[in-house]
Visitor: 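Okay, here's the structure, questions in a sec.
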2 protein chains.
Amino acid sequence: MVVCPPMCHDGQARASTPRRRVDEQTASTERGNGNRKPPATIYDIARLTGVSASTVSRALNKPGRINVRTERRIRDAAESLGYRINPMARALPTGRTGTLALLVSDITNPVYFDLVRGAERVASATDHTLVFAESQESAEIELSTAERLQPAVDGVLLVASRLSDEQIFELSATKPLVLANRRVGEIPAVVPDVTPGIIEALDHLKQLGHRSIGYLAGPEASWMNRARWDALFENAVGRGLSIVEITAAAPTVDGGASALRRVVASGVTAVITYNDLMGLGLMRACRAEGIGVPERLSIIGFDDIFGSDLTTPALTTIRSPLAAIGEAAMRRLLAEVRDDLDADAEPPLPTEFVLRESTGAPTAGSPEA
Amino acid sequence: MVVCPPMCHDGQARASTPRRRVDEQTASTERGNGNRKPPATIYDIARLTGVSASTVSRALNKPGRINVRTERRIRDAAESLGYRINPMARALPTGRTGTLALLVSDITNPVYFDLVRGAERVASATDHTLVFAESQESAEIELSTAERLQPAVDGVLLVASRLSDEQIFELSATKPLVLANRRVGEIPAVVPDVTPGIIEALDHLKQLGHRSIGYLAGPEASWMNRARWDALFENAVGRGLSIVEITAAAPTVDGGASALRRVVASGVTAVITYNDLMGLGLMRACRAEGIGVPERLSIIGFDDIFGSDLTTPALTTIRSPLAAIGEAAMRRLLAEVRDDLDADAEPPLPTEFVLRESTGAPTAGSPEA
DNA sequence: CTGAAAGCGCTTACAG
DNA sequence: CTGAAAGCGCTTACAG
């Protein structure tokens with residue numbers, strides 16, 4: 001075991017730090033971290049430039065508030081030392097961590113890709129770090145994860161939260177919190193307007209001659225599922241279309257596939273699915289069963305995820321502005337964090353009907369014909 | 001403007017903190033954060049239980065090292081105060097942040113989904129927080145992001161890094177760093193073994209009667225692209241198959257689609273693509289051009305991403321054990337962070353051939369026939 | 001414009 | 001088993 005002599009790292013004692021990190025000796029005898037030089041601090045810069053740490057701090061944080069030449073020297077010294085501020089040390093006195101959390105129910109659900117990317121974009125554009133976790137569709141995991149993350153971040157963004165209203169209220173009492181794809185009381189939320197896309201989809205189906213439509217439902221606990229069903233119901237009835245809600249085991253490809261029998265039994269000629277995953281699954285099951293799409297069954301998905309235009313037939317769908325939702329939600333969260341009372345009102349986020357190949361005129365009979 | 005009277009938050013002065021946070025008065029007059037109660041600290045627990053903060057710290061961190069009844073009382077008090085440790089405050093004396101960074105080139109690339117999920121799983125299983133960012137296929141962004149993140153994390157995992165070997169060495173001199181899907185010198189890395197899947201694919205094609213195979217290449221800067229080509233080259237030649245590398249504009253669906261003309265011109269009867277995205281794009285272009293898959297062109301993708309089994313025909317592919325790579329890489333990173341010299345050797349991560357519908361016997365002529 | 005000092009919320013060697 | 005004290009690397013009100 002190599003023992004490090006007392007002064008091997010730092011011959012000059014620091015101005016006001018007579019004792020160095022307690023475990024330094026042992027740490028330096030180990031491999032990985034031991035070989036790495038400890039990062040420079042503002043005290044190193046102070047020593048190098050002959051000013052106080054306070055001045056270094058000011059020079060680096062409030063440009064223009066100190067002597068321009070001193071600032072120059074300090075910046076040069078910082079540069080030459082490869083100085084990077086220690087975010088934890090800054091967070092302590094300021095209470096600001098510079099990081100934001102994003103919680104989704106399922107990382108591998110393609111719906112979130114663009115949303116996450118949108119959020120990440122505005123986070124890094126504003127020099128924030130994004131912390132990222134998934135709840136695996138479990139409210140319990142969602143809650144414990146949010147609680148675990150909260151102390152380390154300035155605010156959290158909950159996407160399609162499965163928590164109860166009360167749990168969400170409690171979380172938002174601790175730190176700034178924003179919701180995406182869900183609405184709870186007055187808590188800041190960013191949700192798309194599902195109606196435009198739904199109206200277009202309904203008009204399209206009606207025009208093709210469909211009279212009886214099914215909605216393959218999403219999770220009970222999903223606010224968005226409710227919102228979609230409500231908009232569908234309301235607008236179908238007004239158009240003289242009959243609409244029926246069909247339950248599915250899960251909002252996944254397999255969940256959609258396994259719902260085919262119930263869809264067929266319902267006698268509808270067209271079905272709108274809670275999301276594209278289910279629509280894709282339904283299509284796959286139709287193919288396996290020899291049910292032609294769209295000849296015998298028209299299918300419309302929701303979201304327009306990656307892959308929905310790659311199938312045969314390509315999936316007709318109602319697109320959600322996912323990236324825009326992610327961006328808007330993140331901006332909203334930043335406004336909350338900054339206590340920015342009059343954040344710019346965000347523009348509405350309408351859904352949009354995307355016509356592809358999985359819809360067509362109904363044949364005379366129902367799908368089992 | 002509502003001004004908060006001096007003692008409105010905290011009537012009892014703290015044992016050893018005569019002065020409270022400097023900006024408290026102003027902060028408390030604002031909205032958002034102003035309404036939130038400041039989180040409890042170990043001093044609150046100490047006061048409540050009549051012990052010192054040191055004892056509270058020990059009780060919470062080294063169970064069993066203090067009086068069992070005292071520990072109980074402290075835990076109860078912590079619970080009743082809703083205490084959560086402040087990770088920034090802990091990080092300062094210990095130098096451990098409890099967070100790990102994950103950098104990918106493109107968040108929306110489905111290849112990373114399972115890898116990211118695997119990494120997230122082991123991070124949260126070991127009570128670590130995952131910080132997440134994308135470099136948008138730019139080495140410059142990758143570098144600045146890594147540098148920005150480093151001070152805030154205990155280690156970073158670079159997935160399919162586009163940096164130069166030197167840049168990677170430099171980064172790893174600062175903090176623990178692990179590579180996934182790339183190898184650079186002795187830097188800890190987790191890469192799959194591409195050979196088994198490639199051999200199976202080649203044998204399959206040979207058996208079908210193909211003699212001339214194309215490889216639709218990925219990005220120049222991609223280590224994995226090189227690895228795949230090398231394994232392909234080596235094993236094709238040994239089997240008496242001719243193989244040719246065909247360049248593509250980008251490793252995306254569109255990049256694959258726009259390469260069709262070059263593929264056709266090459267005269268190969270089967271093509272293996274750098275990734276599934278390109279395979280999917282190529283298939284889409286074939287459909288648009290009326291080129292039958294697999295009758296006139298066999299296509300094999302790489303990775304087995306979401307959606308590759310949803311197309312018609314379903315894409316035959318070489319699967320990478322993405323989730324396992326993410327998990328292994330994260331475990332490796334944790335071992336680095338802990339200076340764990342003898343981390344368990346991870347098992348090999350072989351690729352695997354997945355036969356679906358996009359491969360078949362070649363017709364007499366080449367695809368343009 | 002600049003410095004000395006106190007404090008952010010923890011941890012831990014040291015000394016009972 | 002427990003406490004007093006010092007320190008982690010910053011920020012900022014206060015006083016020149």
Visitor: Convert the base pairs of DNA chain D into dot-bracket notation, remembering that pairs crossing earlier ones are written with [ ] and that bases paired across to another strand are shown as |; include only Watson-Crick or G-U pairs under 3.5 Å.
Guide: |||.||||||||.|||
Visitor: Of all residues at least two apart in sequence or in a different chain, which pass the side chain to side chain donor-acceptor pair (under 3.5 Å) check with B/R58?
Guide: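 By the side chain to side chain donor-acceptor pair (under 3.5 Å) rule, B/R58 matches no residue at all.
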Visitor: List the residues meeting side chain to side chain donor-acceptor pair (under 3.5 Å) with B/E142, not counting sequence neighbours, and say none if there are none.
Guide: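 Result, side chain to side chain donor-acceptor pair (under 3.5 Å) vs B/E142: B/S161.
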Visitor: At less than 4.0 Å, is any side-chain N or O atom of A/Y83 found next to OP1 or OP2 of D/dC10? Yes or no.
Guide: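 Checking D/dC10 against A/Y83, a side-chain N or O does come within under 4.0 Å of OP1 or OP2.
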Visitor: Who are the side chain to side chain donor-acceptor pair (under 3.5 Å) partners of A/R162, not counting sequence neighbours?
Guide: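 A/R162 satisfies side chain to side chain donor-acceptor pair (under 3.5 Å) with A/E137 only.
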Visitor: Side-chain donor-acceptor pair under 3.5 Å between B/S52 and B/T55, yes or no?
Guide: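 A donor-acceptor contact under 3.5 Å links the two side chains.
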Visitor: Rounded to whole angstroms, how far apart are CZ on A/R65 and C1' on D/dT11?
Guide: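 Atom CZ in A/R65 sits about 12 Å away from atom C1' in D/dT11.
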Visitor: What is the distance from CZ of B/R72 to P of D/dC1, rounded to the nearest Å?
Guide: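 Taking atom P of D/dC1 as the reference, CZ of B/R72 is at 17 Å.
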Visitor: Separation of B/R84 atom CZ from C/dG9 atom P, in whole Å?
Guide: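 Atom CZ in B/R84 sits about 17 Å away from atom P in C/dG9.
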Visitor: Considering only NZ, NE, NH1 and NH2 on the basic side and carboxylate oxygens on the acidic side, decide whether B/R75 and B/E71 come within less than 4.0 Å.
Guide: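 Judged by the 4.0 Å cut-off on N to carboxylate O distance, B/R75 and B/E71 do form a salt bridge.
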Visitor: If you measure from the P atom in D/dA5 to the same atom in D/dC1, how many Å do you get, rounded?
Guide: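 23 Å, rounded to whole Å.
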Visitor: With B/E327, which residues qualify under side chain to side chain contact (heavy atoms under 4.5 Å, CB included), at least two apart?
Guide: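 Side chain to side chain contact (heavy atoms under 4.5 Å, CB included) list for B/E327, sorted by chain: B/V122, B/R331.
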Visitor: What is the distance, to the nearest angstrom, from the CG atom on B/N86 to the P atom on C/dG7?
Guide: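 Nearest whole value for this atom pair: 18 Å.
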Visitor: Within residues 53-62 of chain A, find the residues that approach DNA chain C with a heavy atom at under 4.0 Å, and present them sorted by residue number.
Guide: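 Those residues whose heavy atoms fall under 4.0 Å from DNA chain C, taken from residues 53-62 of chain A in numerical order, are A/S54, A/T55, A/R58.
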Visitor: Between D/dC10 and D/dC14, how far apart are the P atoms? Round to whole Å, please.
Guide: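 Result for the P pair: 24 Å, nearest Å.
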Visitor: Please compare B/G50 and A/I42 by the position of their nearest nucleotide in DNA chain D and report the one closer to 5'.
Guide: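 Nearest-nucleotide comparison on DNA chain D picks B/G50.
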Visitor: What is the distance, to the nearest angstrom, from the CG atom on A/L92 to the C1' atom on C/dA6?
Guide: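 Going from CG in A/L92 over to C1' in C/dA6 covers 13 Å.
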Visitor: May I ask you to check whether B/S57 and B/S54 show a side-chain donor-acceptor distance below 3.5 Å?
Guide: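 Per modelled atom types, B/S57 and B/S54 side chains form no pair under 3.5 Å.
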Visitor: In whole angstroms, how far is the P atom of D/dC10 from the CD1 atom of A/I85?
Guide: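 That distance rounds to 6 Å.
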Visitor: Which residues pass the salt bridge (charged side-chain N to carboxylate O under 4.0 Å, His left out) test with A/R90, not counting sequence neighbours?
Guide: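 For A/R90, no residue satisfies salt bridge (charged side-chain N to carboxylate O under 4.0 Å, His left out) once neighbours in sequence are set aside.
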Visitor: Taking only the side-chain heavy atoms of B/P93 (C-beta and beyond), determine which of D/dG3, C/dT11, D/dT11 contains the nearest atom.
Guide: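 The closest nucleotide is C/dT11.
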Visitor: Return the value, rounded to whole Å, for the distance between atom CD1 of A/I45 and atom P of D/dG9.
Guide: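 Value for this atom pair: 13 Å.
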Visitor: Determine the interatomic distance between P on D/dG9 and the same-named atom on D/dA13; round to the nearest Å.
Guide: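 Straight-line distance between the two P atoms is 23 Å.
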Visitor: So, does B/T70 get its side chain near the phosphate of D/dC1, meaning an N or O under 4.0 Å from OP1 or OP2?
Guide: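 Checking B/T70 against D/dC1: no side-chain N or O falls below 4.0 Å of OP1 or OP2.
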Visitor: Whole Å only: how far is the OH atom of A/Y43 from the C1' atom of D/dC10?
Guide: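 These atoms are roughly 7 Å apart.
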Visitor: Which residues pass the salt bridge (charged side-chain N to carboxylate O under 4.0 Å, His left out) test with B/R148, not counting sequence neighbours?
Guide: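 In terms of salt bridge (charged side-chain N to carboxylate O under 4.0 Å, His left out), with neighbours along the sequence ignored, B/R148 is linked to no residue.
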Visitor: Could you work out, with side chain to side chain donor-acceptor pair (under 3.5 Å) as the rule, every residue matching B/T97, not counting sequence neighbours?
Guide: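 B/T97: side chain to side chain donor-acceptor pair (under 3.5 Å) contacts with B/D154.
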